[in-house]
Asks: 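Before anything else, here's the structure in question.
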Amino acid sequence: MSDHVIVAEEELADGERVVVQIEGREICVFNIDDEFFAYANWCAHQAGPACEGNITGTTTACFDEESLEVELAYEKDDQILNCPWHGWEYDVTTGECLSRQKVQLPQYPVKVEDGNVVVSL
Ligand code: FES
């Protein structure tokens, strides 16, 4: 495993991302609430550029069996990555796909070292 400096920490503000090529792989680094996350820019559905999608929240539904009513809630605002090809949703803080258990974006270790954001591959 080798370390790769991606960007100076101060150049990647909260809510921003950067896509880079490392060792033939396209890697995206996100700053979410001043925490950094690194993923392969690859969607588990049909290999689309998942990391280039919008970041939003998501709507969840809760079904009440007694009243037969469904209650909708908008959650995780600014935390859900939407693949631009067909809309699969991923939690950008974990890489987990919201609609498929055990499916997630390939994730890489990321740290801040000497003021730089560093990813290990
Ligand atoms: S390729 Fe990402 S949702 Fe289809």
Side-chain angles (χ1 to χ4, degrees):
M1 199 172 256
S2 56
D3 289 345
H4 301 268
V5 173
I6 305 300
V7 65
E9 180 182 16
E10 65 189 24
E11 293 178 11
L12 193 60
D14 182 19
E16 292 188 352
R17 74 189 92 175
V18 62
V19 178
V20 296
Q21 296 279 340
I22 304 173
E23 298 179 1
R25 290 181 250 186
E26 200 162 82
I27 307 295
C28 187
V29 178
F30 295 87
N31 178 342
I32 304 295
D33 292 331
D34 293 324
E35 264 193 83
F36 297 96
F37 304 91
Y39 302 102
N41 190 14
W42 179 87
C43 180
H45 179 220
Q46 291 182 353
C51 295
E52 297 173 25
N54 292 330
I55 296 177
T56 63
T58 191
T59 301
T60 58
C62 183
F63 178 66
D64 184 334
E65 292 182 6
E66 288 190 21
S67 68
L68 302 180
E69 292 182 358
V70 175
E71 187 171 314
L72 301 177
Y74 187 73
E75 300 177 341
K76 298 186 175 185
D77 200 20
D78 297 329
Q79 192 179 324
I80 303 302
L81 179 64
N82 300 269
C83 179
W85 282 11
H86 313 100
W88 278 30
E89 296 177 313
Y90 297 89
D91 186 321
V92 77
T93 65
T94 63
E96 294 172 353
C97 181
L98 299 191
S99 60
R100 305 287 190 285
Q101 287 186 341
K102 299 183 181 175
V103 171
Q104 72 172 75
L105 296 172
Q107 189 169 18
Y108 300 97
V110 58
K111 61 187 174 189
V112 176
E113 198 170 73
D114 298 329
N116 293 312
V117 179
V118 177
V119 171
S120 300
L121 295 189

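Note: hydrogens, waters and symmetry copies are ignored here, and every other heavy atom, side chains too, is used. Order of listing sets the numbers, starting from 1, for every ligand and every atom in it.
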Asks: If I take atom CD1 from residue Ile22 and atom CD1 from residue Ile6, how far apart are they, to the nearest 0.5 angstrom?
Replies: 3.5 Å
Asks: Output all residues satisfying side chain to side chain contact (heavy atoms under 4.5 Å, CB included) with Leu68, sequence neighbours left out; order by chain, then residue number.
Replies: Phe63
Asks: If we check side chain to side chain contact (heavy atoms under 4.5 Å, CB included) with Ile55, which of these qualifies: Ile32, Asp77, Ile80?
Replies: Ile32
Asks: Asn82 and side chain to side chain donor-acceptor pair (under 3.5 Å): which partner among Thr58, Asn54, Thr56?
Replies: Thr56
Asks: Using distance alone, with no hydrogens and no angle criterion, decide if Asn116 and Glu9 have a side-chain donor and acceptor under 3.5 Å apart.
Replies: no
Asks: Listing residue and atom name, which protein N/O/S atoms are closer to atom 2 (Fe) of ligand 1 than 2.8 Å?
Replies: Cys43 SG, Cys83 SG
Asks: Using the rule given for side chain to side chain donor-acceptor pair (under 3.5 Å), can you reason through Ser2 versus Glu23, listing the C-alpha separation, both sets of side-chain angles and the distance that settles it, and then say yes or no?
Replies: CA-CA 10 Å; Ser2 56; Glu23 298 179 1; 3.3 Å; yes
